[in-house]
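So that the names make sense, note that chain A is the first sequence line, chain B the second, and so on, each numbered from 1. This is a predicted model, so every value here is computed, not measured.
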There are 2 protein chains.
Amino acid sequence: MPPSLTAENMPVRPRRLVIAGMEGCTNCSVCEVRANGICSALRDDELERLARAAVRITVPPGHIFIEEGSRATDFFNITGGTVKLFKSLPDGRRQITGFVSIGHFLGLAVSDRYAFGAEAIDQVKLCRFSRPKLDSLTEEFPRMERRLLSEAANELVAAQDQMLLLGRKTARERVSSFLYGQLENHYGDVIPADARISFPMTRADIADFLGLTVETVSRTLSGLRRDGLVTMNAGHTISVPSPARLRAIAQGEEG
Amino acid sequence: MPPSLTAENMPVRPRRLVIAGMEGCTNCSVCEVRANGICSALRDDELERLARAAVRITVPPGHIFIEEGSRATDFFNITGGTVKLFKSLPDGRRQITGFVSIGHFLGLAVSDRYAFGAEAIDQVKLCRFSRPKLDSLTEEFPRMERRLLSEAANELVAAQDQMLLLGRKTARERVSSFLYGQLENHYGDVIPADARISFPMTRADIADFLGLTVETVSRTLSGLRRDGLVTMNAGHTISVPSPARLRAIAQGEEG
DNA sequence: CGAAAGATTGAGGTGGCTCAAACGGCGTGG
DNA sequence: CCACGCCGTTTGAGCCACCTCAATCTTTCG
């Protein structure tokens with residue numbers, strides 16, 4: 001059993017700390033996302049009550065575990081893997097509104113139905129809470145509600161950034177923004193020169209996230225490579241010699 | 001996700017319930033947004049404490065009262081008028097992330113700085129709370145925190161809709177979505193045939209909201225008029241004979 | 001090793017942008 | 001009361017960034 005992890009002695013950024021063989025575990029005090037999940041706001045004794053409300057499940061790649069417009073019966077906390085959230089139009093056009101991974105919650109709904117769909121990109125592990133259970137839990141633990149509010153505020157800021165991207169940025173700026181965002185996810189606020197990213201999403205996912213086509217994403221990446229801004233080891237692993245230059249492009253600071 | 005974010009306790013649509021001559025009033029129990037503002041979650045005795053923390057101010061049209069990136073010292077509740085929220089790029093490109101009016105809050109920030117700017121479109125009235133004051137208030141009134149969470153959840157849903165619009169909709173669909181949204185704001189869920197909207201924002205505002213240019217917005221409106229979908233009385237007042245058809249276009253259901 | 005999915009590249013088309021001009025309402029001042 | 005100027009809106013003409021369609025190449029995985 002790992003030492004007790006409190007909010008104070010843990011870093012803020014998500015870690016790739018994934019403990020194998022936890023599938024059947026319902027003891028939240030040793031949960032791998034204790035440090036970042038919604039549970040991070042709780043004390044050990046409170047966690048025990050939480051554990052009874054949570055069910056840990058595993059979702060295979062490509063599986064849609066939240067259907068757009070279906071009844072919002074559950075609430076999820078991601079404990080491993082990466083999920084894409086999306087909205088679609090009747091003719092199949094799709095917009096990915098965000099990628100969420102370890103430590104983040106999922107299932108905030110205004111009405112009794114989900115306004116978005118959720119699909120596992122790779123093998124995804126998550127904690128499921130039934131909505132009524134969660135309601136009574138937040139009732140009991142105000143600190144958890146505060147945690148949810150701060151998480152929602154974060155999502156809102158990210159959503160506003162994405163609106164600026166989708167409404168006003170060029171393809172080159174969008175792709176650079178995406179790559180830089182991946183760098184931030186991985187390294188936090190201090191990104192070293194010659195950084196490397198590895199991400200699970202396909203070009204099609206990236207295109208649907210950036211409001212572009214696969215071809216444009218591919219061409220734009222090739223362009224960045226030609227300009228020495230990135231080097232591509234494999235399709236899903238990219239090196240960035242100068243993150244600062246990439247950031248400048250992402251923010252529209254280049255000629 | 002949110003605790004009680006069930007249909008029953010969700011905020012209803014904003015009402016045009018505006019009581020004149022309240023400018024100097026600091027008694028929240030008779031406040032015109034009592035029904036929809038963040039205060040709506042509070043009892044009368046709690047409101048009295050709230051009143052001491054609030055300052056009512058008036059902002060003239062065109063005035064930017066939140067500067068992008070400035071210190072997030074205050075939190076606002078809009079009691080009259082319409083505000084545009086925006087983000088900009090260094091070269092002046094601008095994206096309006098939302099229009100907020102009576103009853104909505106403003107100023108939720110993740111860091112110690114605002115990630116967006118806010119500008120009054122018409123004459124705007126608002127309640128200002130200092131951040132520390134608000135913090136102690138939410139500490140004291142958990143119900144208020146819950147209210148903020150539900151409001152944030154609503155904003156998040158709207159933001160996701162807007163991302164779909166910006167990333168995947170045509171100009172015609174975007175303009176139709178905007179107009180239909182205005183109808184919803186005004187009428188709520190039940191929109192009568194032959195509905196009329198009147199909005200304060202200029203074509204430039206609409207363009208920056210929809211990720212288009214002024215010219216495209218204008219041309220698209222002309223197109224909708226040519227097709228009998230809208231009739232324009234004055235530039236800022238538009239009639240919609242068949243809201244259902246407009247909605248169909250907005251959602252990409254037309255050929 | 002082979003099939004299928006994903007990624008890249010090319011050629012050509014187009015929706016929305018840019019540049020430009022004209023129009024209209026409204027407040028101001030003569 | 002009208003002339004003027006300002007600002008927002010509309011309309012036109014031409015262009016370009018990104019999309020569409022299509023072929024080829026690469027990676028993945030049974």
| Comparing A:Arg168 and A:Arg225 on DNA chain C - which has the more 5′ nearest nucleotide | A:Arg225
| request: Side chain of B:Met232 only, please: which of D:dC19, D:dT10, C:dT8 is the nearest? | output: D:dT10
| request: From the options C:dA7, C:dC17, C:dT9, select the nucleotide whose nearest atom is closest to the side chain of A:Arg203. | output: C:dA7
| message | Counting distance alone, no hydrogens or angles: does the base of C:dG16 have a donor or acceptor under 3.5 Å from a partner atom on the side chain of B:Arg172? | response | no
| request: Using a cut-off of 6.0 Å, state whether more than 12 heavy atoms not belonging to A:Arg245 lie near its atom CZ. | output: no
| message | side-chain hydrogen bond (donor to acceptor under 3.5 Å, both in side chains), that's the test. Do B:Arg225 and B:Ser222 meet it? Break it down for me. | response | CA-CA 5 Å; B:Arg225 185 174 10 152; B:Ser222 297; 3.3 Å; yes
| message | Check this one for me: any side-chain N or O of B:Thr170 less than 4.0 Å away from OP1 or OP2 of C:dG15? | response | no
| query | With a non-hydrogen cut-off below 4.0 angstrom, is B:Leu212 in contact with a base, only sugar-phosphate, or nothing? | reply | sugar-phosphate
| Regarding B:Lys87 and B:Thr97, is there a side-chain donor-to-acceptor distance under 3.5 Å anywhere? | no
| Any cation-pi pair here, B:Arg94 with B:Phe86, using under 6.0 Å and within 45°? | yes
| Which whole-number value in Å describes the distance from A:Leu210 CG to D:dC18 P? | 12 Å
| task | Name the closest nucleotide to the B:Thr216 side chain, picking from C:dG16, C:dG10, D:dT11. | result | C:dG16
| message | Check the phosphate of C:dT9 against A:Ser218, side-chain N and O only, distance under 4.0 Å to OP1 or OP2. Yes or no? | response | no
| note | To the nearest angstrom, the CZ-P distance between A:Arg219 and C:dT9 comes to 9 Å
| Gap between atoms CG and P, on B:Asp122 and D:dG8 respectively (whole Å) | 15 Å
| request: Determine the contact category for A:Gly211: base if any of its heavy atoms lies under 4.0 Å from a base atom, sugar-phosphate if only primed atoms, P, OP1 or OP2 are that close, otherwise nothing. | output: sugar-phosphate
| message | Over all strands shown, is B:Thr202 touching base, sugar-phosphate only, or nothing at heavy-atom distances under 4.0 angstrom? | response | sugar-phosphate
| query | For the side chain of A:His236, counting heavy atoms from C-beta on, which of C:dA7, C:dT9, D:dG12 is nearest? | reply | C:dA7
| query | Which nucleotide sits closest to the side chain of A:Glu215: C:dC17, D:dG12, D:dA22? | reply | D:dA22
| With distance as the sole criterion, do the side chain of B:Arg226 and the base of D:dT10 form a donor-acceptor contact below 3.5 Å? | no
| For the side chain of A:Thr213, counting heavy atoms from C-beta on, which of C:dT18, D:dT10, D:dT20 is nearest? | D:dT20
| request: With ring-ring contact (aromatic ring centres under 6.0 Å, His included) as the test, would you mind laying out the steps for B:Phe76 and B:Phe105 before giving the verdict? | output: CA-CA 6 Å; B:Phe76 304 91; B:Phe105 71 74; over 10 Å; no
| message | Tell me whether the rings of A:His236 and A:Phe199 are parallel (<30°), tilted (30 to 60°) or perpendicular (>60°). | response | tilted
| request: Would you kindly give the CD1-to-C1' distance between B:Ile121 and D:dC7, to the nearest whole Å? | output: 17 Å
| field | Sugar-phosphate only, base, or nothing, as touched by B:Met201 at under 4.0 Å among non-hydrogen atoms | value | nothing
| field | 5'-most by nearest nucleotide on DNA chain C - A:Leu221 or B:Arg174 | value | A:Leu221
| field | side-chain contact (heavy atoms from CB on, under 4.5 Å) between A:Phe65 and A:Leu126, worked out | value | CA-CA 11 Å; A:Phe65 62 96; A:Leu126 30 81; 3.6 Å; yes
| query | So, are B:Arg172 and B:Asp227 salt-bridged, with charged N and O less than 4.0 Å apart? | reply | yes
| task | Using a 4.0 Å heavy-atom cut-off, write out nucleotides 24-30 of chain D from 5' to 3' as B (base contacted by protein), S (sugar-phosphate only) or - (no contact). | result | -------
| Within this structure, what is the CG-to-P distance between A:Asp208 and C:dG6, rounded to whole angstrom? | 12 Å
